[in-house]
Amino acid sequence: GDSVTQTEGLVTLTEGLPVMLNCTYQTIYSNPFLFWYVQHLNESPRLLLKSFTDNKRTEHQGFHATLHKSSSSFHLQKSSAQLSDSALYYCALSDRYNQGKLIFGQGTKLSIKP
Amino acid sequence: EAAVTQSPRSKVAVTGGKVTLSCHQTNNHDYMYWYRQDTGHGLRLIHYSYVADSTEKGDIPDGYKASRPSQENFSLILELASLSQTAVYFCASSDAGQGAVERLFFGHGTKLSVL
């Protein structure tokens, strides 16, 4: 079945440095939808980015990601980390044949230090 | 903004007891979901539904039942709660545009502790 694999565990960065969180996926279907959700402490997950177009960069709130179907990847990037970026980040996958199911990765905790 | 409300916000249950978690959405969405969140496992799908009076098994349905009596309401039922079911539970709703989910709207979560 479908699966999503993310950068493991905790990523700790100093404020101002670039952010890259890895996401790769597996699906037998040719037109997947990929998402990044962000969850701040004591909040619920909310959508950060989404894409279904191959090789097109999508951006929101300073973050960007590009879906690469050739490598089954959808990495999340930001040029300069801020303290407020500290949160749990989930990569997720869906496709039109999956009856509305959204499959999440295991999550990556991003911690930004001053 | 879409609204998904869960009740209760937190619950302490005894092992072997019955627990019902409730979810209500005012988004007019067809799809509703129950996920559990555990450190190291992320969000895992328990049950979901795309129409009233019908539910589907997700990836980890064992030990859980679901009920969708109306488009707005979706419940998760633990008939015999166990220690391993201690977790945070999230309800979500979505429209499945083009046949695929395009965005989930999550409730605030229910923290369940089974003792």
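Because the structure is a prediction, the values reported are computed rather than measured. Residue numbers start from 1 in every chain, and the chains themselves are labelled A, B, ... in the order their sequence lines are given, proteins ahead of strands.
- When side chains are defined from C-beta on, A:L102 does not count as touching B:Y48, because their heavy atoms never get closer than 4.5 Å.
- Linking Ile, Leu, Val, Met, Phe, Trp and Tyr residues whenever their side-chain heavy atoms come within less than 4.5 Å leaves B:M32 and B:V88 in two separate clusters.
- Residues A:L83 and A:V19 share a hydrophobic cluster, clusters being chains of Ile/Leu/Val/Met/Phe/Trp/Tyr side chains in contact below 4.5 Å.
- By the 6.0 Å contact criterion, CD on A:Q26 is open, its count of non-hydrogen atoms from other residues, nucleotides or ligands being 12 or less.
- Within a 6.0 Å radius of CD in A:E59, more than 12 heavy atoms belonging to other residues, nucleotides or ligands are found.
- To the nearest 0.5 angstrom, A:S44 atom OG is 10.0 Å from B:Q37 atom CD.
- Rounded to the nearest 0.5 Å, atoms CG (B:L43) and CD (A:Q39) are 6.5 Å apart.
- Taking each heavy atom of A:P45 and B:F106 in turn, the nearest pair found is O-CD1, 3.3 Å.
- You'll find the side chain of A:F104 stays beyond 4.5 Å of the side chain of B:R44, heavy atoms only.
- Between the side chain of A:Y37 and the main chain of B:L104, a donor-acceptor pair closer than 3.5 Å is present.
- Atom NZ of A:K69 has more than 12 neighbouring heavy atoms from other residues, nucleotides or ligands inside a 6.0 Å radius.
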